[in-house]
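First up is the structure itself, then whatever we jot down about it.
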Amino acid sequence: MTSQTLPPAPATTPPRPAAPAKGRHREVRLFAGLGHVALAVWAVIVIVPILWTFLAAFKNTSEIFSSPWTLPAELRFENFGRAWTKAHVGRYFLNSVFVVSCSTFGTMLFGSMAAYVLARYKFRGNRAIYYLFVSGLAFPVFLALVPLFFVVKNLGLLDTHTGVILVYIAYSLPFTIFFLAAFFRTLPNSVAEAGMIDGCSHTRLFFQVMLPMAKPGLISVAIFNIIGQWAQYQLPLVLLSNAKDKWVLTQGIADISVNAGYEADWSGLFAALTIAILPMILVYAVFQRQIQSGLTSGAVK
């Protein structure tokens with residue numbers, strides 16, 4: 001019998017060390033931990049002053065200055081009633097609701113139409129018009145206060161809610177168009193083409209097909225516009241300076257706070273601040289999911 005030589009067994013390749021993968025995971029965990037710490041610090045910075053304001057709204061003046069960090073001895077709801085009636089915060093609150101509602105509606109209507117045309121239609125000057133709108137984001141509003149005052153005055157709209165509403169719309173359009181134009185670009189062309197084949201006009205296609213598809217983005221931008229216009233102080237201060245009965249909420253609160261010293265109604269001031277803060281917190285809490293959906297859907301599609 002002839003003996004056969006068996007082939008040598010293949011050499012086994014040693015496994016690669018897993019140190020780099022572990023190092024990457026460790027680095028990710030480190031940055032995640034730092035991010036959580038930063039978010040916790042930011043939450044404390046934001047939440048503590050708001051809670052302090054809410055507590056001070058139920059105290060009297062002596063408690064506010066003698067024991068600012070303690071709970072109120074009793075819940076003084078009369079502070080809110082005094083702020084609402086005596087300091088005319090109720091009137092200013094309703095003025096703010098009217099102005100912000102009208103300006104937000106106008107901003108979303110004109111902003112969505114402009115953003116849709118700039119995002120979906122190609123024509124000469126498209127990019128120039130888009131960049132002209134977006135350039136408004138880099139223009140500080142306080143630089144335009146003086147010429148804006150004279151423009152509104154020459155139009156006969158000074159000390160009127162109409163003038164403030166129009167200025168709010170113009171001031172909010174750059175951000176609205178910038179956000180919605182990017183959102184409209186993500187919508188599928190097949191739906192628009194199908195609508196045109198079925199006989200939709202451009203107007204009907206926009207209002208009945210494309211606008212409902214952009215609902216998450218519209219809600220997100222609308223909430224940001226509401227919050228920004230609700231907290232606006234410089235513009236109404238210039239445009240409504242001589243019409244106290246038409247002041248908005250920020251002007252009314254500033255009028256309370258200018259009475260310095262112990263003679264001021266500090267508890268009424270903090271009650272007014274609470275009245276101004278709570279609606280925006282409730283709006284954000286109710287529409288939180290829609291805001292997050294609007295901010296992320298444009299990146300997912």
Side-chain angles (χ1 to χ4, degrees), residues 29-97 99-100 140-142 220 223-237 240-241 244 247-292 295:
R29 287 196 299 270
L30 175 62
F31 281 106
L34 292 176
H36 291 155
V37 172
L39 289 175
V41 173
W42 178 254
V44 171
I45 294 174
V46 173
I47 293 174
V48 169
I50 295 177
L51 290 178
W52 186 83
T53 301
F54 290 169
L55 291 177
F58 294 97
K59 297 180 178 180
N60 55 29
T61 302
S62 60
E63 285 182 319
I64 292 174
F65 285 95
S66 61
S67 54
W69 297 106
T70 60
L71 295 175
E74 59 178 312
L75 298 179
R76 297 178 175 84
F77 291 99
E78 63 271 13
N79 295 340
F80 293 88
R82 189 169 63 255
W84 187 267
T85 56
K86 185 178 179 180
H88 307 294
V89 170
R91 179 200 303 166
Y92 304 145
F93 182 88
L94 296 178
N95 289 342
S96 291
V97 171
V99 170
V100 172
V141 64
F142 61 85
S220 299
I223 297 302
F224 287 129
N225 283 327
I226 290 173
I227 294 175
Q229 294 171 8
W230 184 268
Q232 182 60 244
Y233 175 70
Q234 288 180 324
L235 292 176
L237 178 65
L240 296 174
S241 57
K244 192 170 183 179
W247 280 5
V248 295
L249 192 56
T250 52
Q251 290 176 283
I253 293 175
D255 185 60
I256 300 174
S257 63
V258 294
N259 299 318
Y262 282 88
E263 296 181 358
D265 188 2
W266 292 102
S267 55
L269 171 61
F270 288 112
L273 287 172
T274 302
I275 294 174
I277 293 172
L278 276 179
M280 295 301 100
I281 294 178
L282 293 177
V283 166
Y284 188 85
V286 171
F287 295 100
Q288 180 181 3
R289 293 184 180 274
Q290 288 84 349
I291 294 174
Q292 294 175 353
L295 292 176

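The residues of the chain are indexed from 1 along the displayed sequence.
- Aromatic ring orientation, Phe80 versus Phe77: tilted (interplanar angle from 30° to 60°).
- Nearest heavy-atom pair, Ser241 versus Leu237, reported as atom, atom and distance to 0.1 Å: CB-O, 3.3 Å.
- The two atoms that bring Lys244 and Arg91 nearest to each other are O-NH1, 4.2 Å, heavy atoms only.
- Listed here is the closest heavy atom pair of Ala272 and Ile253: O-CD1, 3.7 Å.
- In this structure, the side chain of Trp230 does not engage the main chain of Val100 through any donor-acceptor pair within 3.5 Å.
- Taking CZ of Phe270 as the start and CG of Leu55 as the end, the distance is 11.0 Å to the nearest 0.5 Å.
- Side-chain N/O atoms of Asn79 and Arg82 include a donor and acceptor closer than 3.5 Å.
- Of the possible polar contacts, one joining the Ser96 side chain to the Leu249 backbone as a donor-acceptor pair under 3.5 Å is found.
- The shortest side-chain heavy-atom distance between Leu235 and Val141 falls under the 4.5 Å cut-off.
- Looking at Glu63, its side chain never comes within 3.5 Å of a backbone N or O of Phe65 through a donor-acceptor pair.
- In this structure, the side chains of Ile226 and Met280 come closer than 4.5 Å at one or more pairs of heavy atoms.
- In terms of heavy-atom proximity, Ala87 sits nearest to Ala83 at CB-O, 3.4 Å.
- Asp255 is listed as a side-chain neighbour of Trp247, based on a closest heavy-atom distance under 4.5 Å.
- Under a 3.5 Å cut-off, the side chain of Lys59 and the backbone N or O of Arg76 do not form any donor-acceptor pair.
- Taken from CZ in Phe287 to CD1 in Ile223, the straight-line distance is 5.0 Å, to the nearest 0.5 Å.
- Distance check: Tyr92 OH to Gln251 CD gives 8.5 Å after rounding to the nearest 0.5 Å.
- Ring orientation note: the planes of Phe93 and Trp84 are tilted relative to one another, at an angle of 30° to 60°.
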(Q) Test side-chain contact (heavy atoms from CB on, under 4.5 Å) on Phe54 and Leu278; report intermediate values, then the result. (A) CA-CA 10 Å; Phe54 290 169; Leu278 276 179; 3.8 Å; yes
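- Between Thr250 atom OG1 and Leu240 atom CG the span is 9.5 Å, to the nearest 0.5 Å.
- We find that Glu78 and Lys86 are not joined by a salt bridge, their nearest charged nitrogen and carboxylate oxygen being 4.0 Å or further apart.
- Note that the CD1 atom of Ile50 and the CG atom of Leu273 stand 11.0 Å from one another [nearest 0.5 Å].
- Nearest heavy atom pair, residue Asn60 against residue Ser62, reads OD1-OG, 2.9 Å.
- The aromatic rings of Trp69 and Trp52 sit tilted, their planes meeting at an angle between 30° and 60°.
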